[in-house]
Number of protein chains: 2
Amino acid sequence: MLRLSKLTDYATVILSFMAKEKTRVCAAMEIAAATGIALPTVSKILKLLVNSKVLMSTRGAKGGYMLAREPETISVAAIISALEGPIALTECSISEQLCGQASGCGIRGVWHTINQTIHNALESVTLADLVRPAARSEEITIPVASLYR
Amino acid sequence: MLRLSKLTDYATVILSFMAKEKTRVCAAMEIAAATGIALPTVSKILKLLVNSKVLMSTRGAKGGYMLAREPETISVAAIISALEGPIALTECSISEQLCGQASGCGIRGVWHTINQTIHNALESVTLADLVRPAARSEEITIPVASLYR
DNA sequence: ATTAAATAGGACTAGAATAGTCCACAATGA
DNA sequence: TCATTGTGGACTATTCTAGTCCTATTTAAT
């Protein structure tokens, strides 16, 4: 179904909450309470987001997590790849028998294009868009075919 | 990783082969031999493609499978949804606690937008593009923000 | 009619990936 | 020093995917 994982889904919930509280640190337990997601799960997600530099953390008493940058600069693509690794639809979508003869795999090129397109789409939407969804974002167009050149 | 399933991957291989043989029916066994994919697996995929009307089948001796329409009119989106169900990144990406208060879920709207964008991208590439990847497709632009309106 | 060649539909198994939990450790503030 | 909070990694259980197989149905050829 081309689905995002549940953890990624949770991550957007967590980050949406944090974006509203972006001026202060939030403890994992507080986030768990606010979102209704179990603490161990919240904790796991927060760790991943720290590792990928979407969040900053401070340890010790009164510690917690905070956005590492402004919501406007945190793309949905960054969130997804933090949780699920690099965004890539296919490894190489074709078996050797079919495409291997020619020097390069033709179909692979098309997949790469599609992939780029999706990546661009996910890159163009930010956490800020998620928290104020009523606001119109500026017009963004993604040239698909330009990637064929 | 936002990956396509292996079966979807196989499906593109199978359909690429069939596009080249589009004037005649191909038996499942022949396709298995040509692609190197195990027969039961090929069979399963072909059934799914028939159910979603990408392929036509004829039963009985001398039966087999054929493209239901021209490769130009078979989109990658159609192939993916045949194998994986409807293309949808999230069910509803947010838990009730966070978004339920307001009449509609705000974040859901943004996900819908992102989803539309990806769907459009996948809709704009066809089986014909997969089999003749050297050819440049015309310029296609996808307006992301238009969906916010 | 009978037989052989195909697809249709669905059940089933095994393996891999995901979700979720837990624990021992490190860091920090009071 | 102690309570609090994040870190890293191991671990389990559950779900999903891939892959196989069997029986019924349809059709062509003999």
Side-chain angles (χ1 to χ4, degrees), chain A residues 1-14 18 24-33 35-68 80 82-85 88-91 93 95, chain B residues 1-14 18 24-33 35-68 80 82-85 88-91 93 95:
Chain A
M1 317 204 180
L2 202 65
R3 283 266 159 78
L4 294 177
S5 77
K6 231 168 170 181
L7 294 184
T8 304
D9 209 346
Y10 292 161
T12 64
V13 176
I14 291 171
M18 295 185 73
R24 64 183 186 83
V25 295
C26 303
M29 218 166 77
E30 180 196 351
I31 295 169
T35 59
I37 303 166
L39 177 58
T41 302
V42 168
S43 207
K44 182 181 194 170
I45 293 167
L46 291 171
K47 284 178 214 169
L48 289 168
L49 291 169
V50 169
N51 287 341
S52 61
K53 311 240 192 302
V54 171
L55 297 179
M56 294 181 339
S57 66
T58 56
R59 295 169 80 153
K62 302 272 174 188
Y65 298 88
M66 219 170 74
L67 296 187
I80 293 174
L83 276 285
E84 312 189 19
L89 291 181
T90 56
E91 324 250 359
S93 74
S95 67
Chain B
M1 316 204 178
L2 202 63
R3 284 265 160 78
L4 295 177
S5 77
K6 230 168 170 182
L7 293 185
T8 304
D9 207 346
Y10 292 160
T12 64
V13 175
I14 290 171
M18 293 185 74
R24 65 184 184 82
V25 296
C26 303
M29 215 165 80
E30 181 195 351
I31 295 169
T35 59
I37 303 167
L39 176 59
T41 303
V42 168
S43 208
K44 181 181 195 169
I45 294 167
L46 291 171
K47 284 177 213 169
L48 289 168
L49 291 169
V50 169
N51 286 340
S52 63
K53 312 241 193 298
V54 171
L55 296 180
M56 294 181 337
S57 66
T58 56
R59 295 170 81 155
K62 302 272 175 184
Y65 299 89
M66 219 169 75
L67 295 187
I80 292 174
L83 277 284
E84 312 189 20
L89 291 180
T90 55
E91 322 250 0
S93 74
S95 68

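Chain A is the first sequence line, chain B the second, and so forth, proteins listed ahead of strands; every chain is numbered from 1.
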Please determine if a side-chain N or O atom of [X] lies less than 4.0 Å away from the OP1 or OP2 oxygen of [N].
X: B/T58; N: C/dA6; result: no
X: B/N51; N: C/dG9; result: yes
X: B/K62; N: C/dA4; result: no
X: B/Y10; N: D/dG19; result: yes

For a quick check of understanding: with a heavy-atom distance under 4.0 Å over all strands, which category does A/G63 fall into, base, sugar-phosphate or nothing?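 Since only primed, P, OP1 and OP2 atoms lie under 4.0 Å of A/G63, the category is sugar-phosphate.
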Within the structure shown, what part of the strands sits under 4.0 Å from B/S43 by heavy-atom distance: base, sugar-phosphate, or nothing?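 B/S43: no heavy atom of the nucleic acid under 4.0 Å.
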Among the nucleotides [options], which one has an atom lying closest to any side-chain atom of [X]?
X: A/V50; options: C/dT21, D/dT7, D/dT20; value: D/dT7
X: A/A28; options: D/dG6, C/dT7, C/dT21; value: D/dG6
X: A/Y65; options: D/dT7, C/dA8, D/dC21; value: D/dT7
X: B/S5; options: D/dA18, C/dG9, C/dT7; value: D/dA18
X: A/S57; options: D/dG6, D/dT27, C/dG20; value: D/dG6
X: B/R59; options: D/dT26, C/dG29, D/dA18; value: D/dT26
X: B/L7; options: C/dG20, D/dG19, C/dG29; value: D/dG19

Euclidean distance, atom [atom1] of residue [X] to atom [atom2] of [N] [Å, nearest integer]:
X: A/I31; N: D/dT5; atom1: CD1; atom2: C1'; result: 12 Å
X: A/K44; N: D/dT5; atom1: NZ; atom2: P; result: 23 Å
X: B/L39; N: D/dA18; atom1: CG; atom2: P; result: 18 Å
X: A/E30; N: D/dG6; atom1: CD; atom2: P; result: 10 Å
X: B/L49; N: C/dA8; atom1: CG; atom2: C1'; result: 14 Å
X: A/L46; N: D/dG8; atom1: CG; atom2: P; result: 13 Å
X: A/L83; N: C/dG20; atom1: CG; atom2: P; result: 12 Å
X: A/I45; N: C/dT21; atom1: CD1; atom2: C1'; result: 13 Å

Evaluate the side-chain proximity of B/C26 to B/Y65: yes if any heavy-atom separation is below 4.5 Å, no if none is.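 No, their side chains stay 4.5 Å or more apart.
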A/K53 and A/A68: which non-hydrogen atoms are nearest, and at how many Å?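 Result for this residue pair: O-CB, 3.4 Å.
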If you take all heavy atoms of B/E30 and B/V25, which pair is closest and at what distance?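 For B/E30 versus B/V25, the nearest heavy atoms are OE1-O, 4.4 Å.
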Exactly one of A/V13, A/L46, A/L39 should register a side chain to side chain contact (heavy atoms under 4.5 Å, CB included) with A/I31. Which one does?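 Among A/V13, A/L46, A/L39, the one that satisfies the side chain to side chain contact (heavy atoms under 4.5 Å, CB included) with A/I31 is A/L46.
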Result of checking B/L48, B/V54, B/L4, B/D9 against B/L83 for side chain to side chain contact (heavy atoms under 4.5 Å, CB included):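 Exactly one option meets the side chain to side chain contact (heavy atoms under 4.5 Å, CB included) with B/L83, and it is B/L48.
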Is there a donor-acceptor contact under 3.5 Å from the side chain of A/T58 to the main chain of A/G64?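 Side chain of A/T58 to backbone of A/G64, a donor-acceptor pair under 3.5 Å: yes, one is there.
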Indicate, yes or no, whether a donor-acceptor pair under 3.5 Å links the base of D/dG6 to the side chain of A/K47.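 When only heavy-atom distances are counted, A/K47 does not reach the base of D/dG6 through any donor-acceptor pair under 3.5 Å.
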